> 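The structure is given below, and queries will be raised subsequently.
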There are 2 protein chains.
Amino acid sequence: MVTPGRRRVTISDVASHAQVSVTAVSKVIRNAYGVSPAMKDRVKAAIDELGYRPQAVARGMRGRTFTIGLVLPHIRNPFFADILDGLTAYLETTDYQAFMIQGGATRKVEQRAVDALVDRQVDGIIMVAPLASRARLEEVAKEKPLVVLARHERSPHYDSVFDDDEAGAELVVEHLIELGHRRIAHITHQDDSIARPGDLLHNIRSATYERVMGEHGLADEIAVATSFYSEKGGYDGARQLLDRTPRPTAIFAGADQAALGALAALHEACLSVPADVSVAGYDNTHLAALPNIALTSVDQDGGEMGRAAGKLLLERVEGRMTPVRFSVTPSLVVRGSTAAPPA
Amino acid sequence: MVTPGRRRVTISDVASHAQVSVTAVSKVIRNAYGVSPAMKDRVKAAIDELGYRPQAVARGMRGRTFTIGLVLPHIRNPFFADILDGLTAYLETTDYQAFMIQGGATRKVEQRAVDALVDRQVDGIIMVAPLASRARLEEVAKEKPLVVLARHERSPHYDSVFDDDEAGAELVVEHLIELGHRRIAHITHQDDSIARPGDLLHNIRSATYERVMGEHGLADEIAVATSFYSEKGGYDGARQLLDRTPRPTAIFAGADQAALGALAALHEACLSVPADVSVAGYDNTHLAALPNIALTSVDQDGGEMGRAAGKLLLERVEGRMTPVRFSVTPSLVVRGSTAAPPA
DNA sequence: TTGAAAGCGCTAACAA
DNA sequence: TTGTTAGCGCTTTCAA
């Protein structure tokens, strides 16, 4: 039970060292009104001399902890790293710190992660692609300022930051059709979410795929493998699709991670990309840009999304109650993995 | 169950609902001695009825926050995800929660991350491959229980969990030599750390590379590109190495991430792997196993390391003061990216 | 076995 | 402008 170490410098150490009241020190560290320049200098000097840093947890007992929680499904998708970097960069200009926690693959684990954050008194929460139902998210928003990334529903109580997944998926499918493909297959993601399908990005991407196929008279060619947005998921999904006769000439994987798995499956099946089969992904992760992968993909600015999420969340922490929706417009980055279908 | 009236349920709500003292409730939630079974049941019933969850932050004011901080350099390396998963799995059997924070690429950012954790009263800290000097880590260990991953020094005040990087690097270089390679090059990592070279894994890997080369009479063939353990770093490093005449016939990248970049550079230079150049990595991330990458790599059990780190840290939180070192033995996973050199 | 009461380090009413 | 004084929600003596 022994905690190693000396006693930490507290606000009253600073107060007595500067020969002022504890309140005065508190005001200075909060930049509150009602402190003379002289007192401010004096307190600041004492703070520096003693190396004082306020204990966020104690501050939280009355006010804020200056901590925000970021719930990511997992940390295996490099796209999430982009979001985190954007968020971190934004928070650097503030007094807030972000802590990350894995939301996992099930609603139960995700809920536990959120509870852990709430129990630790974070000032606000950012959830990336949550599985929770709308109702659950509203509950969370009742407890803490909340910003949700990568979901499409409109909520009165939390902010949304998302990519226009419909536009993005359209870009991919139209691109493949323009190249002359007809047998275009899709790999989508499955989860245990009970959210409405239209709220979840993978459902939007797959529904858009089906819509655009239909609009081009290709309804009969629709082929969807329901798997996971992961390397293994993409691999499994692609194998499933390649078993079809006739074989698809193009695969649109709903995420780069899955596209990587699809590329692996094609390689294993001795099919060359793009000569035999074209492949496209979504997210434009940095792996897509590697010359030996050269994956055509949809770019959505993750850094920008992270930054926006941070900004919106702090606005909420400061008291904004009206919901804001921030949407990023995707663009298609064409690389070597897509070309005209074999003759 | 959400409280009507939206104020969070506190320990005294539970106490009055169960008609017992606050102390009694506290004892029950801490599993402390001195509560009759009857009282325990009564309190537990009240807790369930009200949906009470103790506020970790308030507990921390006197005791523990049941929170541990994990400092990762970044979240772009899938190997870190393995560590996190192992840690999370272990903590699931306890009352503790891990929060992740990015340590970044410089000592300054890393220190800020550690301070953020300390200020938020975590019960202990796990640092993965930190840049900090030994002295700095000792300081951290003085403030909080500390476990350091992927560093090799022996400390009296914190625990270490690491892979035997010397053995691992040896496996790779010996493997390449056995295949008949002589011009084996290496890509290593550069950072702003002032830690002793022998404490940092990338220095051990590169020093071992040089030693083994020397032992086989290949000292003249030593070629090291100092870059970064990242895709871009591997790409740049490989390009640098390929400019040499004669060209190396094998590249040992100190990490899979860098190996991926090297593969990309080779592809771009129209060199085939392994026919023209063999490539090996380190970490055996799941990407290495994809058939189209098929990267020979050194496996170190990240999940096991994460689990061990969690266990050791909690032991320290419980009071252990003597240092423990936990070492994982690496093994070589040979795949298609390495073969005999061209004739 | 129980519970009253004193803090933990801060913030925020309210006085001076 | 300053300082005094209650708490925030818990844990921990220490009596009863």
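It should be emphasised that the depicted structure is a prediction, and the values quoted were computed from it without experimental measurement. Labels below follow one simple rule: chain letters A, B, ... track the order of the sequence lines, proteins then strands, and each chain is numbered from 1. Atoms considered below: every heavy atom in the structure, side chains included; atoms not considered: hydrogens, waters and symmetry mates.
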> Closest approach to the side chain of M39(A), judged atom by atom: which nucleotide of dC10(D), dC8(D), dG3(D) is it?
dG3(D)
> Would you say T10(A) places a side-chain N or O within less than 4.0 Å of OP1 or OP2 belonging to dC8(C)?
no
> With heavy atoms under 4.0 Å as the rule, sort Y52(B) into base, sugar-phosphate or nothing.
sugar-phosphate
> Checking side-chain polar atoms at under 3.5 Å, does S160(A) have a donor or acceptor matched by the opposite partner on E153(A)?
no
> Which pair of non-hydrogen atoms, one from P54(B) and one from I29(B), has the smallest distance, and what is that distance?
CB-CD1, 4.1 Å
> What's the CD-P distance between Q121(B) and dC8(D), to the nearest Å?
20 Å
> Write down the distance between CZ (R120(B)) and P (dC8(C)), rounded to a whole number of angstrom.
22 Å
> What's the closest nucleotide to the S36(A) side chain, out of dC8(C), dT2(C), dT1(D)?
dT1(D)
> Can you check the D41(A) CG to dT2(D) P distance for me, whole Å?
11 Å
> Identify which one of L70(A), I68(A), I101(A), V118(A) satisfies the side-chain contact (heavy atoms from CB on, under 4.5 Å) criterion when paired with I125(A).
V118(A)
> To the nearest Å, give me how far apart CD1 (I11(B)) and C1' (dA4(C)) are.
14 Å
> Does dA12(C) have OP1 or OP2 under 4.0 Å away from a side-chain N or O of R62(A)?
no
> Identify, residue by residue, the members of residues 17-31 of chain B with a heavy atom below 4.0 Å from DNA chain D, and return them in order of residue number, or none.
V22(B), T23(B), S26(B), I29(B), R30(B)
> Rounding to an integer number of Å, can you tell me how far R53(A) CZ sits from dC10(C) C1'?
16 Å
> By nearest atom, which of the nucleotides dC10(D), dT2(C), dT11(C) is closest to the V35(B) side chain?
dT2(C)
> Look up atom CD in E139(B) and atom CG in L146(B), then write down how far apart they are to the nearest 0.5 Å.
12.0 Å
> Do R154(B) and D199(B) meet the salt-bridge criterion of a basic N to acidic O distance under 4.0 Å?
no
> What integer distance in Å separates R64(A):CZ from dC8(D):C1'?
16 Å
> Given atom CZ of R8(B) and atom C1' of dC10(D), what is their separation to the nearest angstrom?
12 Å
> Taking S12(B) for the side chain and A15(B) for the main chain, is one N or O donor matched with an acceptor at less than 3.5 Å?
no
> Please check if the side chain of E110(A) supplies one atom and the backbone of A132(A) the other of a donor-acceptor pair under 3.5 Å.
yes
> Rounding to a whole Å, what distance do you find between M61(B):CE and dG7(C):C1'?
9 Å
